[in-house]
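Let me begin by presenting the structure, written as structure tokens, before commenting on it.
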Amino acid sequence: MSMTIAKLAEAGGVGVETVRYYQRRGLLLEPARPGGTGFRSYGEGDVRRLRFIRQAQAAGFTLDEIGELLALDATEDRSRARELARSRIAALDASIAELIAARQALARLADECGSGSAGPCPILAEFEES
């Protein structure tokens with residue numbers, strides 16, 4: 001199956017400029033133009049790679065980490081892939097802990113605001129002090 005960059009982008013759920021950006025970053029290959037003047041042609045392997053990049057981004061990996069994961073795929077270095085995944089999990093756990101703390105603080109402030117006591121709203125007062 002042969003497709004243009006526009007069809008590749010559509011199949012991967014991104015824009016053409018995103019595909020070009022990934023190419024500049026070395027995450028996607030830029031095929032040669034047939035005969036030097038025709039349209040570049042992409043295949044199913046390019047779609048799989050683009051989808052891999054998008055899914056890895058959704059998991060929170062940086063483009064540099066994704067590049068490393070793509071390189072590891074060729075070498076089957078499972079220990080390094082596992083290390084990258086565990087590092088990402090630790091970062092996600094830290095983000096989750098921050099979000100839980102923020103939620104708890106906001107819930108407390110909302111309860112205080114709804115208590116009907118006199119004075120400024122605790123939510124607004126807290127945000128002014130921060």
Side-chain angles (χ1 to χ4, degrees):
M1 171 184 205
S2 177
M3 64 186 86
T4 64
I5 192 170
K7 292 292 184 187
L8 171 65
E10 182 181 335
V14 300
V16 170
E17 287 306 312
T18 300
V19 171
R20 289 187 177 126
Y21 178 70
Y22 292 159
Q23 288 172 333
R24 286 192 302 273
R25 293 287 307 256
L27 299 173
L28 283 173
L29 298 178
E30 187 174 344
R33 295 179 189 266
T37 60
F39 289 104
R40 289 183 169 92
S41 180
Y42 299 87
E44 281 301 314
D46 298 303
V47 174
R48 281 192 303 278
R49 191 170 179 106
L50 180 56
R51 288 181 179 158
F52 177 93
I53 294 166
R54 297 300 292 162
Q55 289 173 347
Q57 277 187 307
F61 286 100
T62 66
L63 292 181
D64 288 339
E65 291 168 332
I66 292 169
E68 187 173 354
L69 286 169
L70 287 166
L72 290 175
D73 184 47
T75 65
E76 297 184 14
D77 186 348
R78 289 183 177 199
S79 63
R80 179 61 183 146
R82 187 174 47 253
E83 181 182 319
L84 284 168
R86 286 186 175 150
S87 174
R88 187 67 212 127
I89 290 167
L92 287 170
D93 287 344
S95 293
I96 290 168
E98 288 177 20
L99 289 170
I100 289 171
R103 184 190 185 286
Q104 290 171 340
L106 188 56
R108 179 185 50 77
L109 290 170
D111 289 344
E112 289 175 13
C113 187
S115 69
S117 60
C121 172
I123 297 170
L124 301 177
E126 179 72 22
F127 291 162
E128 286 177 355
E129 293 175 11
S130 296

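Residues: numbered from 1 along the sequence shown. Computed from a predicted model, the values in this text were never measured in an experiment.
Between R78 and L72, every side-chain heavy-atom pair lies at or beyond the 4.5 Å cut-off. Between L63 and I66, some side-chain heavy-atom pair lies under the 4.5 Å cut-off. Within the 4.5 Å cutoff, the side chain of L70 has heavy atoms near those of the I53 side chain.
Using a 4.5 Å cut-off between side-chain heavy atoms of Ile, Leu, Val, Met, Phe, Trp and Tyr, with links allowed through other members, L29 and F52 fall into different hydrophobic clusters. Hydrophobic clustering, with ILVMFWY side chains joined whenever heavy atoms are under 4.5 angstrom apart, keeps L106 apart from L124.
The main-chain N or O of G43 is found under 3.5 Å from a side-chain atom of D46 such that the two form a donor-acceptor pair. In this structure, R40 contributes its side chain and P31 its backbone to a donor-acceptor pair below 3.5 Å.
Rounding to the nearest 0.5 Å places CD of E126 at 6.0 Å from CZ of R108. To the nearest 0.5 angstrom, R48 atom CZ is 12.5 Å from Q55 atom CD. The distance from atom CD1 of I5 to atom OH of Y42, rounded to the nearest 0.5 Å, is 4.0 Å. Note that the OG1 atom of T18 and the CG atom of L50 stand 8.5 Å from one another [nearest 0.5 Å].
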**Item:** M3 and E10: CA distance, side-chain angles, deciding distance, side-chain contact (heavy atoms from CB on, under 4.5 Å) verdict
**Value:** CA-CA 10 Å; M3 64 186 86; E10 182 181 335; over 6 Å; no
**Request:** Could you give me the CA-CA distance, side-chain angles and deciding distance for R80 and L69, then say whether side-chain contact (heavy atoms from CB on, under 4.5 Å) is met?
**Result:** CA-CA 9 Å; R80 179 61 183 146; L69 286 169; over 6 Å; no
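Between E30 and R20 there is no salt bridge, since no side-chain nitrogen of the basic residue lies less than 4.0 Å from a carboxylate oxygen of the acidic one.
In this structure, a donor-acceptor pair under 3.5 Å is present between the side chains of R54 and Y22.
Of the candidates R24, R25, Q23, R25 is the only one forming a side chain to side chain donor-acceptor pair (under 3.5 Å) with Y21.
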Which pairs would a plain distance check flag for residues 84-104, meaning a side-chain donor or acceptor within less than 3.5 Å of a matching protein atom at least two apart in sequence or in another chain?
| unit_1 | atom_1 | unit_2 | atom_2 | d |
| --- | --- | --- | --- | --- |
| R88 | NE | A59 | O | 3.2 |
| R88 | NE | G60 | O | 2.9 |
| S95 | OG | A91 | O | 3.2 |

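When all heavy atoms of C113 and I123 are compared, the pair lying nearest together is CB-CD1, 4.1 Å. Contact detail for P122 and L109: the closest heavy-atom pair is O-CD2, 3.7 Å.
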